[in-house]
Amino acid sequence: PAPILPHVAAGECVEPPVEEAVPAAAVPAWAEPAGGTAKPFVSVADAYPDARQAAGRDGVVLTAGSLFLVAAVRELILQEEGRPCDKSVY
């Protein structure tokens, strides 16, 4: 993950909804030695608004890790008003 850190404004960590997930609180300790920062969150619903704010109006929010996590973020995006998402693809 270190090569991407120079391109990341902020890191938000959430445990995906799976049994063997890495605790979100453990991730910041991994990011710091590589020169990054990460903030743990209890849920995707808590982390996503923070990520959007950190990205800014023209920025990008990258979701990586578990496909379960990606699916949870996708659900939030589909619920946003005025977002250019194709709601027909599942």
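Just so you know, residue 1 is the first one in the sequence shown, and it goes up from there.
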State which residues pass side chain to side chain contact (heavy atoms under 4.5 Å, CB included) with [X]; sequence neighbours excluded, sorted by chain then number.
{"X": "Ala55", "value": "Val61"}
{"X": "Ala45", "value": "Ser43"}
{"X": "Leu76", "value": "Val44, Tyr48, Gln79"}

Under the salt bridge (charged side-chain N to carboxylate O under 4.0 Å, His left out) definition, can you give me all pairs with a residue in residues 54-69, not counting sequence neighbours?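 Sorted pair list comes back empty.
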
Value for CD (Glu15) from CG (Leu69), rounded to nearest 0.5 Å, stands at 11.0 Å

What are the two closest heavy atoms between [X] and [Y], and how far apart are they?
{"X": "Phe41", "Y": "Ala24", "answer": "O-CB, 3.9 Å"}
{"X": "Ala54", "Y": "Glu12", "answer": "CB-OE2, 4.3 Å"}
{"X": "Ala38", "Y": "Cys13", "answer": "CB-SG, 3.3 Å"}

Can you name the residues that form a salt bridge (Lys or Arg N to Asp or Glu O under 4.0 Å) with Asp50, not counting sequence neighbours?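 With sequence neighbours excluded, Asp50 shows a salt bridge (Lys or Arg N to Asp or Glu O under 4.0 Å) to Lys39, given in chain and number order.
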
